[in-house]
Amino acid sequence: MAQFATGVTVISYLADGAPAGMTANAFMSVSLEPPLVLVSVRAASRFHQHMQAGVCYGVNFLADDQRHLSGHFGGRPVDGIEPPFIHRNGTPLLDGSLVHLVARTVDVHPAGDHLLYIAQVEDIRFGSPRGPLLFYGGRYHHMPTRHPVIDHRDAADCC
């Protein structure tokens, strides 16, 4: 699976009322109508203890200058880092990400030692255009990008 290039996300959620997060590259779009996304998470994860149908989670698409946050939420916490959480509709999100999604869990499916969390996108916001953080072959990579033309005013009101 290391030969499959992916973007890097941090899935953010509330754990006992406090913002928490985990790095995930097993994220995908499922449907445009209705707007559905999926994240695959180990069943033994802390996320599973706090997530169920009807509960929202955030999806933060990381930019190439947010690599430190990927490691921090990926099991290698960095002392002194205070994650820059903001809140949207009660859901914590990482300030400065390329894209923020707020998604409400609609279904959970067991899949081996993982659970697939399908959620409907309730809100989407775009950050400042920068290159995405990519992961391939067990390493982070940079990709030169041409930024799409997006009317952020329309996109912010889409969901």
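Residues: numbered from 1 along the sequence shown.
Atom CG of Leu69 sits about 8.0 Å away from atom OG1 of Thr23, to the nearest 0.5 Å. Interatomic distance, NE2 of His87 versus CG of Leu14, reported as 7.0 Å (0.5 Å rounding). Separating the CD atom in Glu82 from the NE2 atom in His72 is a distance of 8.0 Å, to the nearest 0.5 Å. Atom CD1 of Ile11 sits about 8.5 Å away from atom CG of Leu101, to the nearest 0.5 Å.
The same ILVMFWY cluster, assembled from side-chain heavy atoms under 4.5 Å apart, contains both Ile118 and Met28. Taking hydrophobic clusters as Ile, Leu, Val, Met, Phe, Trp and Tyr residues chained together by side-chain heavy-atom distances below 4.5 Å, Val106 shares a cluster with Val30. Residues Leu38 and Val121 fall into different hydrophobic clusters, defined by Ile, Leu, Val, Met, Phe, Trp and Tyr side chains chained together at heavy-atom separations under 4.5 Å. Under the 4.5 Å side-chain heavy-atom criterion for ILVMFWY residues, a single connected hydrophobic cluster contains both Val59 and Val99.
The nearest pair of heavy atoms linking Cys56 to Met51 is O-CE, 3.7 Å. Shortest non-hydrogen contact noted between Ser12 and Thr91 is O-CG2, 4.5 Å. Contact detail for Gly7 and Asn25: the closest heavy-atom pair is O-CB, 3.5 Å. Residues Leu133 and Ala63 share a closest heavy-atom pair of CB-O, 3.5 Å. Residue Val55 comes nearest to His50 through the heavy atom pair CG1-O, 4.0 Å, listed as atom of the first residue, atom of the second, then distance.
Side-chain contact between Leu98 and Arg130 is present, with at least one heavy-atom pair separated by less than 4.5 Å. The side-chain heavy atoms of Asp95 and Phe85, taken from C-beta on, include no pair separated by under 4.5 Å.
Formation of a donor-acceptor pair under 3.5 Å by the Arg104 side chain with backbone atoms of Ala119 is not found in this model. Under the 3.5 Å distance criterion, the side-chain polar atoms of Ser31 are matched with a main-chain donor or acceptor of Glu33. Side-chain atoms of Asn60 do not come within 3.5 Å of backbone N or O of Ser97 as any donor-acceptor pair.
In summary, of the residues considered (Val41, Thr9, Val10), a side chain to side chain contact (heavy atoms under 4.5 Å, CB included) with Met22 occurs for Val41 alone.
Within the structure, every pair that satisfies the ring-ring contact (aromatic ring centres under 6.0 Å, His included) test and touches residues 16-48, not counting sequence neighbours, is listed here: Tyr13-Phe47, Phe27-Phe61, Phe47-Tyr57, Phe47-Tyr117.
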